[in-house]
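These notes are about the structure you will find just below.
These values consider heavy atoms only, across backbone and side chains, with no hydrogens, waters or symmetry-generated copies. This one's a predicted model, so the numbers in the text were calculated from it and none came from an experiment. Order of appearance sets the numbers: ligands from 1, and atoms from 1 within every ligand.
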Amino acid sequence: MTAQDREVEGVEDALALVARDQARAHRPPHVPDPAHATRTGHDARDPYDVEAAHDARAPHDAHGSHDTPASHDDLVSRDARTAPAQPPGPGDGGTAGGGPAAGDRRHGTAWADARAVAGSSGRAAPAARARHVPLAHALGEVLAEPLAALTDLPSFDTSAMDGWAVAGPGPWAVRTPEGTPVRGDAAERSGILAGHGESVPLPDGAAVRIATGARVPPEATAVIRSEHARTDDTGHLHAERPVVPGQDIRSRGQECRSGEPLLPAGALVTPAVLGLAAAAGYDALLTVPRPTVEVLVLGDELLTEGLPRDGFIRDALGPMLAPWLRTLGVDVVATHRIGDDEDDLYRAVTESKADLVITTGGTAGGPVDHVHPVLRAADAALLVDGVTVRPGHPMVLARLPSGRHLVGLPGNPLAAVSGLLTLAEPLLRALAGRPAPPPYRVPLRDEVQGHPHDTRLVPVVHRDDGVVPLHFNGPAMLRGIAAADGLAVIPPGGARPGEDVDVLDLPWTASTDGGCFT
Ligand SMILES: Nc1nc2c(c(=O)[nH]1)N[C@H]1C(S)=C(S)[C@@H](COP(=O)(O)OP(=O)(O)OC[C@H]3O[C@@H](n4cnc5c(N)ncnc54)[C@H](O)[C@@H]3O)O[C@H]1N2
Ligand code: MOO
């Protein structure tokens with residue numbers, strides 16, 4: 001690990017903490033007013049107005065030249081929408097050199113199909129060996145077997161209050177836990193405490209001082225709270241309100257019986273699950289290990305610090321991906337920066353021991369775009385080669401001969417986010433044994449223009465009356481997504497105001513996701 005890599009790790013940890021803190025709020029606190037985010041002068045124009053127009057001129061040629069001037073006529077409004085072109089189904093089993101998935105760069109796999117292929121490829125991966133881990137290390141993993149109670153809970157009849165255990169009707173003769181009559185202060189001090197062994201049975205007409213959490217003596221019929229009873233000089237206890245049999249006694253097995261299933265296999269181990277498991281008698285849990293991921297950031301033009309200069313730009317993906325991935329419950333083993341060198345990339349890909357290698361950049365057909373040549377040389381099977389989604393259409397999913405996976409994210413930063421959510425997230429969820437969050441739809445507040453044939457993923461922010469699409473959503477821009485709390489899935493042809501659209505939550509806004517525990 002280089003000094004730079006170590007520095008990046010530090011930044012990532014800090015961002016992971018920010019993510020965790022933000023997960024506590026339903027929506028991120030920093031989300032600006034969408035009116036501001038969407039309508040601040042002409043710079044806030046949807047950049048897709050330009051880039052989609054180019055794409056619409058040559059919608060079937062992801063890698064062709066885009067030299068036609070932009071025209072507003074090329075955009076497709078929802079009203080004018082015709083039935084979207086049916087892209088081919090997901091390819092599977094092609095190789096990087098050809099085959100059903102590899103060949104059709106002109107269309108690519110439909111967005112929903114690409115996600116399904118990624119998920120099923122993760123599920124089909126050789127099952128990661130579940131193993132027992134101490135409770136302290138199980139947070140954020142997934143149960144590989146149901147959590148069954150190892151004991152009754154509570155495991156004995158327990159006093160729910162500080163007070164007096166009594167048997168039968170009162171008044172009661174006060175005694176010590178051992179059965180000796182007692183009065184005055186001595187009676188107050190001689191009670192049954194939590195953590196003490198079983199005391200002698202309490203005969204009818206007797207009372208003994210008892211603490212919250214202590215074992216109720218056999219034959220006791222109720223517990224009376226200290227504030228609801230008084231003792232007299234003769235060593236008797238008097239209730240100051242009616243006593244209901246069983247009151248303030250937590251009876252053994254009230255919460256569960258030994259062997260009773262408490263949670264199903266596949267449940268995420270949250271802090272509450274750790275507490276329940278400990279209460280139910282567990283020292284260790286059988287869990288699916290977190291998938292491991294190695295991130296390879298490609299590009300000779302990337303700087304890791306300071307201002308962009310002389311054609312160099314800052315690496316936006318190195319600082320973003322590892323913490324984002326950690327919110328998905330994975331173990332990011334390293335983020336490495338690799339120049340535009342094919343041999344280095346080949347070595348890094350084929351020597352990685354991670355379950356998933358994620359590359360950034362180099363997916364297109366430029367002179368130093370080495371992802372496809374390396375996958376060919378590594379004899380990888382291309383499961384998804386291009387997706388009909390904007391941004392991000394050159395994304396790629398491959399399975400290496402070792403059975404490990406590679407996701408190639410396009411270099412444009414928002415395109416990389418699109419690839420992350422389209423391919424990496426469903427794959428990693430499946431590898432981790434985690435269920436996908438239930439899909440949900442929300443009305444769109446403002447119209448979003450569509451691509452004629454491709455799905456669009458557009459950063460949005462939730463408001464009471466629906467989701468508001470944010471501008472600055474071009475493939476190279478992170479300004480929109482940084483202010484967003486979700487990505488709206490815009491079907492080919494676009495969506496009108498009020499139309500329901502699918503929304504993908506960002507992990508730091510989905511507090512039920514479990515992603516904040518990493
Ligand atoms: N002739 C064509 N060229 C391109 C097409 C096309 O269809 N025909 N598609 C464009 C689209 S869409 C995308 S997306 C990109 C994908 O390119 P690559 O995956 O090969 O990525 P690069 O060329 O390496 O980089 C693209 C862009 O992103 C910047 N970049 C790369 N890495 C980072 C990073 N870590 N942080 C910030 N920015 C990064 C890079 O400097 C480039 O500007 O291809 C288009 N080209
Ligand atoms: O539009 Mo590219 O697909 O920049 O992602």
Short list, please: which atoms of ligand 1 are under 4.0 Å from a heavy atom of [X]?
X	answer
Arg314	36 (N), 37 (C)
Ile313	37 (C), 38 (N), 39 (C), 41 (O)
Asp315	34 (C), 35 (N), 36 (N)
Ala316	34 (C), 36 (N), 37 (C)

For ligand 1, the portion of Val297 having any non-hydrogen atom under 4.0 Å away: side chain

Below a 4.0 angstrom heavy-atom separation, can you tell me which part of Val368, side chain or backbone, both or neither, approaches ligand 1? neither

Just going by heavy-atom distances, which of Ser418, Pro413, Ala364, Ala416 is nearest to atom 44 (O) of ligand 1? Ala364

Tell me, please: is Gly392 in heavy-atom contact with ligand 2, that is, under 4.0 Å? yes

So for ligand 2, is His393 a polar contact partner (N or O within less than 3.5 Å, distance only)? yes

Any non-hydrogen atom of Gly362 lying under 4.0 Å from ligand 1? yes

Using the side-chain hydrogen bond (donor to acceptor under 3.5 Å, both in side chains) criterion, which residues pair with Asp340? Sequence neighbours excluded. none

Ignoring hydrogens and angles, write down the donor-acceptor pairs under 3.5 Å from the side chains of residues 134-146, residues two or more places apart or on other chains.
| from | atom 1 | to | atom 2 | distance (Å) |
| --- | --- | --- | --- | --- |
| Glu141 | OE1 | Arg131 | NH1 | 2.9 |
| Glu141 | OE1 | Thr287 | OG1 | 2.5 |
| Glu141 | OE2 | Arg131 | NH2 | 3.3 |

Which atoms of ligand 2 sit under 4.0 Å from any heavy atom of Pro394? 3 (O)

